[in-house]
Protein chains: 2
Amino acid sequence: MHDDDAQSLTVGLLAASRALVDGISAGVRARGFDDLRPAHGFTFARLAPGGATITQLAEHLDVTRQAAAQLVDELTAKGYVERRPHPDDGRARLIMLTEKGWACTRAADAAMADTVRPWAAALGERRMLALRDDLIRIAPHGPLRPTW
Amino acid sequence: MHDDDAQSLTVGLLAASRALVDGISAGVRARGFDDLRPAHGFTFARLAPGGATITQLAEHLDVTRQAAAQLVDELTAKGYVERRPHPDDGRARLIMLTEKGWACTRAADAAMADTVRPWAAALGERRMLALRDDLIRIAPHGPLRPTW
DNA sequence: CAGATTAGGCAAGTGGCTTGAGCATATAGG
DNA sequence: CCTATATGCTCAAGCCACTTGCCTAATCTG
């Protein structure tokens, strides 16, 4: 692995990553959810399993609680999430996806599949699965966050 | 390629991309260039071949000319680039890297190699080169820009 | 040489984030 | 118990990278 290889790998990885984000973003917008930014996707990903508190969301996104609260305010106003009283802790609130939030999540999954499909066609099934396995092998398994 | 595969590919790609950016950023900082953000790296990449005008830089980064000018102001103040009169066009200015800018570019290349090295060790030379080739195959070949 | 176009700069406004302070609820110690 | 500390969240103000809107200077077009 020479330096030139490292550079071309970097270029390929960043370009592919950006293409993926752009594709998902465009696909979600095309499906009628045109008031969202990519960062919201990471929020949905954290909320989907069963909701989360503001603090948990802030840790996941690596922003302050105030920033997370503001994001939830916006998503609440747009009807994607709702604040509920937390069942175990009177101080906390549990943020959960609304039906509209779930619909958007499904749209994102579909957009993801649409974006990846031409890649599978170009590389073939075998190499595509190898690509997925290798990426997962080298990537850290932490929370998924915006790149920068 | 099922939907689940597309999702895991997305997760791997975004996580790897972020790990790469973080690694490069940390490596550049560790080498003494601690007043730069990842976005500046994309600027350097465009300027390295032989300089560029504000307008060309703005197009490359996909921001307004004012934003590009502001970025150049900052990099000029920090000593990484300099504005020269454009040889062919009296209106334009050619932005070029200073020696410090070149030193930073070399540091970024080294940081890139450092970040990628453990991946090559984990996957082996063969799969690593295949990964690079596949990524370049599926990624668009346009200008390299921040992901979002 | 007059009009349109292009390169760049100046000024003000915006959005997403931060830091700082404060209130309500929960947990721990005497 | 009851006080002291920690935790979850919110309100308010400020910051910074970026935007839109307008301007001047230089170049191209007919």
Side-chain angles (χ1 to χ4, degrees), chain A residues 18 21-22 25 29 34-47 50-78 80-96 143-148, chain B residues 18 21-22 25 34-47 50-78 80-96 143 145-148:
Chain A
R18 170 152 172 120
V21 170
D22 285 351
S25 186
R29 254 184 283 112
D34 59 349
D35 54 357
L36 295 175
R37 293 174 294 110
H40 296 134
F42 295 92
T43 305
F44 284 29
R46 180 61 182 85
L47 296 182
T53 65
I54 292 284
T55 298
Q56 291 171 332
L57 194 54
E59 284 170 2
H60 179 77
L61 298 173
D62 195 27
V63 296
T64 59
R65 288 187 305 267
Q66 291 86 331
Q70 183 174 313
L71 206 123
V72 168
D73 283 343
E74 182 190 348
L75 289 178
T76 301
K78 290 177 178 171
Y80 292 101
V81 307
E82 60 183 0
R83 291 175 206 253
R84 297 190 187 176
H86 196 287
D88 304 331
D89 190 332
R91 298 167 299 179
R93 307 217 192 174
L94 190 59
I95 318 296
M96 300 199 71
L144 212 51
R145 290 174 183 154
T147 305
W148 58 81
Chain B
R18 170 153 172 118
V21 171
D22 285 351
S25 187
D34 59 349
D35 53 358
L36 295 176
R37 291 175 293 112
H40 296 134
F42 295 93
T43 304
F44 283 30
R46 179 63 182 84
L47 297 182
T53 64
I54 291 284
T55 298
Q56 290 171 332
L57 195 54
E59 284 171 0
H60 178 77
L61 299 173
D62 196 27
V63 297
T64 58
R65 287 187 306 259
Q66 289 84 336
Q70 182 175 314
L71 206 122
V72 169
D73 283 344
E74 182 190 349
L75 289 178
T76 301
K78 290 177 178 172
Y80 292 102
V81 307
E82 59 184 0
R83 291 175 205 252
R84 298 188 188 178
H86 196 288
D88 305 331
D89 190 333
R91 299 167 298 180
R93 306 216 192 174
L94 191 58
I95 318 294
M96 300 198 71
R145 290 174 184 156
T147 305
W148 58 82

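Everything numeric in this text was worked out from a predicted model, so none of it was measured. In what follows, chains are A, B, ... by sequence order, proteins preceding strands, each numbered from 1.
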- prompt: Atom CZ of A/Arg93 and atom C1' of D/dT7: how far apart are they, to the nearest Å?
  reply: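 Between C1' of D/dT7 and CZ of A/Arg93: 15 Å.
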
query: What's the CZ-P distance between A/Arg83 and D/dG8, to the nearest Å?
result: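 One finds 15 Å between P of D/dG8 and CZ of A/Arg83, rounded.
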
Residue pairs fulfilling side chain to side chain donor-acceptor pair (under 3.5 Å) with at least one residue in residues 63-73 of chain A, sequence neighbours excluded: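 Sorted result for residues 63-73 of chain A: A/Asp73-A/Arg83.
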
task: Apply side chain to side chain contact (heavy atoms under 4.5 Å, CB included) to A/Ala45 and list each qualifying residue two or more places apart in sequence or on a separate chain.
output: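 Side chain to side chain contact (heavy atoms under 4.5 Å, CB included) list for A/Ala45, sorted by chain: empty.
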
- prompt: A/Thr53: what forms a side chain to side chain contact (heavy atoms under 4.5 Å, CB included) with it, not counting sequence neighbours?
  reply: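 For A/Thr53 the side chain to side chain contact (heavy atoms under 4.5 Å, CB included) partners, ignoring immediate neighbours, are A/Thr55, A/Gln56, A/His86, A/Ala92.
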
Non-neighbouring partners of A/Glu74 that pass side-chain hydrogen bond (donor to acceptor under 3.5 Å, both in side chains), sequence neighbours left out: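 By the side-chain hydrogen bond (donor to acceptor under 3.5 Å, both in side chains) rule, A/Glu74 matches A/Lys78.
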
field: Contacts of type salt bridge (charged side-chain N to carboxylate O under 4.0 Å, His left out), residue A/Asp89, not counting sequence neighbours
entry: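 Per chain and number, A/Asp89 pairs via salt bridge (charged side-chain N to carboxylate O under 4.0 Å, His left out) with A/Arg91.
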
Close side-chain approach of B/Asp62 to B/Phe42, heavy-atom, < 4.5 Å: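 Not in contact.
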
- request: Starting from the C-alpha separation in whole Å, work towards a yes-or-no answer on side-chain contact (heavy atoms from CB on, under 4.5 Å) for B/Leu57 and B/Val63.
  value: CA-CA 9 Å; B/Leu57 195 54; B/Val63 297; over 6 Å; no

message: Between A/Val72 and A/Thr43, is the side-chain contact (heavy atoms from CB on, under 4.5 Å) condition met? List the steps.
response: CA-CA 9 Å; A/Val72 168; A/Thr43 305; 5.5 Å; no

message: Can you give me the closest heavy-atom contact between B/Ile54 and B/Ala68, atom names plus distance?
response: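 Shortest heavy-atom separation between B/Ile54 and B/Ala68 comes out as O-CB, 3.9 Å.
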
query: What is the minimum heavy-atom distance between B/Leu47 and B/Ile95, and which atoms define it?
result: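 Result for this residue pair: CD2-O, 3.7 Å.
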
query: When you list every nucleotide of DNA chain C with an atom under 4.0 Å from a heavy atom of chain B, which one comes first 5' to 3', and which comes last?
result: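 Going 5' to 3' along DNA chain C, contacts run C/dT6 to C/dC10.
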
Pull out every protein N or O sitting under 3.5 Å from an N or O of nucleotides 17-23 of chain D, one pair per line with the distance.
unit_1, atom_1, unit_2, atom_2, d
D/dT19, OP2, B/Thr64, N, 3.0
D/dT19, OP2, B/Thr64, OG1, 2.7
D/dG21, O6, B/Gln66, NE2, 2.5

Atom pairs under 3.5 Å, N or O on each side, protein against nucleotides 26-30 of chain D: can you list them with distances?
unit_1, atom_1, unit_2, atom_2, d
D/dT27, OP1, B/Gly90, N, 2.9

